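Here is the structure we will look at.
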There are 2 protein chains.
Amino acid sequence: MPRPSEPTRARIVQAASALFYNEGIRRVSVDEVAAKAGLTKRTLYYHFKSKDDLVAAYLAARDQPNLALFRTWFAEAEGGLSAKVEAIFKNLARSARHPKWKGCGFLRTSAELANMPGHPAIRIGAAHKKKFEDWLRATFAEHGVADPLKLARQILLLLDGSFAVVLLHRDASYMETASEAARTLIETALAKPGRKRG
Amino acid sequence: MPRPSEPTRARIVQAASALFYNEGIRRVSVDEVAAKAGLTKRTLYYHFKSKDDLVAAYLAARDQPNLALFRTWFAEAEGGLSAKVEAIFKNLARSARHPKWKGCGFLRTSAELANMPGHPAIRIGAAHKKKFEDWLRATFAEHGVADPLKLARQILLLLDGSFAVVLLHRDASYMETASEAARTLIETALAKPGRKRG
DNA sequence: TTGTGTATATTCACTGGTTAGTATACATAC
DNA sequence: GTATGTATACTAACCAGTGAATATACACAA
């Protein structure tokens with residue numbers, strides 16, 4: 001069945017995502033991914049030129065859905081700016097209590113491949129975090145924050161710190177601590193003079 | 001030369017540390033560690049019962065020196081509480097600009113071995129971070145912070161967030177952003193009523 | 001409608017290399 | 001002569017990537 005190429009590729013990425021996220025990049029062999037996708041390794045190598053390519057596709061597939069989720073949590077939360085940001089941490093805490101949760105796939109991949117600085121997957125991870133940071137910066141700017149970039153980076157640090165710490169201790173309550181810290185930083189930033197939102 | 005057993009073991013841990021930190025746990029083979037230590041794999045297995053055991057020893061050896069470094073940076077800094085905490089971030093930023101820097105070995109190991117929750121190395125990493133948190137908590141309590149544990153965890157989140165973000169973007173300036181956030185959180189905590197230090 | 005060429009998609013079987021861990025023997029010190 | 005420590009040589013499994021062959025769908029010609 002030559003024609004339906006796209007579903008095959010998507011199925012491989014889906015299988016790779018589950019395995020790479022759950023077990024780690026180097027722990028998972030290309031054979032395992034192919035088996036999980038229900039095809040042979042040779043077929044996988046028809047769609048992806050190397051394992052590194054597959055790893056990059058795994059993270060690329062997570063980029064937009066992840067960002068959309070954060071934006072949804074923010075948009076659907078009641079209250080002011082800090083309450084909306086806190087909603088992200090609260091929802092993340094709920095996710096983190098799920099037994100299959102294993103931290104942030106982007107950060108874990110960058111940690112595992114730290115010896116390969118230019119790796120395509122790391123570039124995709126960096127771009128993903130930059131997009132999140134930029135969305136935060138724009139949002140803060142709309143809300144009249146004086147230095148929106150600085151605040152966006154501070155929140156990002158708390159967020160990624162949460163991922164790391166909660167993964168290490170398996171204690172999601174750190175996300176609520178991060179949430180409180182975020183509120184303090186946002187309120188402090190709002191107290192300083194800045195442009196009002198339009 | 002049977003007698004000098006301790007130097008041999010220490011040499012193995014030293015070789016393992018350099019390789020595991022620079023290349024990652026699963027990337028480095030036991031043969032490589034043995035070769036770097038200048039002995040055979042069989043000798044290594046005389047001193048360590050498994051690779052997991054060796055990984056745990058790698059992190060255990062980093063525990064005390066790492067904590068001592070943080071305490072030194074804090075103690076030798078001029079100024080008040082927030083200035084002393086900021087000194088940790090500033091010194092870390094300097095370390096992070098070194099080309100061989102590759103983040104926090106404890107966090108990277110926990111990320112790489114996230115599929116093995118009870119792994120001895122992860123337990124050692126968790127204990128290490130708890131010790132740091134506890135030292136911060138005690139220090140903040142001495143300085144009259146009303147909720148020293150909460151502030152300690154907030155600072156820890158910024159610190160570990162810095163490790164993750166700086167590793168991903170290879171941009172140490174995030175550590176200075178974290179430093180500013182830490183100052184805001186500390187000043188906010190100090191502004192609330194609490195016991196004075198003795 | 002039927003035959004045929006071609007790009008697409010898939011499989012089997014394989015290579016060369018690596019890996020954690022071990023069986024066995026040997027050496028040195030006390 | 002026995003504990004301790006080191007080395008040689010091995011196993012059995014795994015792993016990223018490839019060579020060669022094959023199957024299907026579709027375009028186009030007869």
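Note: hydrogens, waters and symmetry copies are ignored here, and every other heavy atom, side chains too, is used. Since this is a predicted model, take the numbers as computed values, not measurements. Naming: A, B, ... by sequence-line order, numbering from 1 per chain.
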**Prompt:** Does a donor on one side chain and an acceptor on the other come within less than 3.5 Å for B/D52 and B/S50?
**Reply:**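 Not at all, the side chains of B/D52 and B/S50 share no donor-acceptor pair under 3.5 Å.
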
To the nearest Å, how far apart are [X] [atom1] and [N] [atom2]?
| X | N | atom1 | atom2 | answer |
| --- | --- | --- | --- | --- |
| B/L54 | C/dT19 | CG | C1' | 15 Å |
| B/R26 | D/dC14 | CZ | P | 15 Å |
| A/F48 | C/dA9 | CZ | P | 13 Å |
| A/L19 | D/dC15 | CG | C1' | 15 Å |
| A/K51 | D/dT18 | NZ | C1' | 17 Å |
| A/R27 | D/dC14 | CZ | P | 11 Å |
| B/D31 | C/dG17 | CG | C1' | 13 Å |
| A/Y45 | D/dG19 | OH | C1' | 15 Å |

**Complete:** Per nearest nucleotide of DNA chain D, the residue lying toward the 5' end, A/K49 or B/G38, is B/G38

**Given DNA chain D, 5'-ward residue of the pair B/L39 and A/S50, judged by closest heavy atom** = B/L39

**Item:** With B/F74 via ring pair (Phe, Tyr, Trp, His ring centres under 6.0 Å) - residues at least two apart
**Value:**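 Only B/W135 meet the ring pair (Phe, Tyr, Trp, His ring centres under 6.0 Å) criterion with B/F74.
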
Of the nucleotides [options], which has the atom closest to the [X] side chain?
| X | options | result |
| --- | --- | --- |
| A/E32 | D/dC15, D/dA20, D/dA16 | D/dC15 |
| A/Y46 | C/dT8, D/dA16, D/dT8 | C/dT8 |
| B/T40 | C/dG21, D/dT8, C/dT11 | D/dT8 |

Please report, to 0.1 Å, the donor-acceptor pairs under 3.5 Å made by any side chain of residues 152-165 of chain B, with sequence neighbours excluded.
from	atom 1	to	atom 2	distance (Å)
B/R153	NE	B/E133	OE2	3.1
B/D160	OD1	B/K129	NZ	2.9
B/S162	OG	B/L158	O	2.7

Within less than 4.0 Å of OP1 or OP2 of [N], is there a side-chain N or O belonging to [X]?
| X | N | result |
| --- | --- | --- |
| A/S29 | D/dC15 | yes |
| A/T43 | C/dT11 | yes |
| B/T8 | D/dT6 | yes |
| B/H47 | D/dT6 | yes |

**Prompt:** Considering Watson-Crick and G-U wobble pairs with both distances under 3.5 Å, what does C/dT28 pair with?
**Reply:**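 Pairing partner: none.
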
**Request:** Quick one: look up who C/dC12 pairs with, Watson-Crick or G-U, both distances under 3.5 Å, and put none if it's unpaired.
**Result:**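 Base-paired to D/dG19.
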
**Request:** Using only heavy-atom distances, decide whether a donor-acceptor pair under 3.5 angstrom links the side-chain of A/R42 to the base of D/dG19.
**Result:** yes

**Request:** Return yes if the base of C/dA20 and the side-chain atoms of B/K41 contain a donor-acceptor N/O pair under 3.5 Å, otherwise no.
**Result:** yes

**Request:** May I ask you to establish whether B/R62 and B/Y21 are in a cation-pi arrangement, using a distance under 6.0 Å from NZ or CZ to the six-membered ring centre and at most 45° from the ring axis?
**Result:** yes

**Prompt:** In terms of side-chain geometry, is the basic nitrogen of A/E176 or A/R97 positioned less than 4.0 Å from the acidic oxygen of its partner?
**Reply:**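 Here A/E176 pairs with A/R97 in a salt bridge, since their nearest N and O are under 4.0 Å apart.
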
**Salt bridge A/D134-A/K131, side-chain N to carboxylate O under 4.0 Å** =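 A/K131 and A/D134: not salt-bridged.
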
**Asked** Checking all strands, does B/V28 fall into the base, sugar-phosphate, or nothing category for heavy-atom contacts under 4.0 angstrom?
**Response** sugar-phosphate

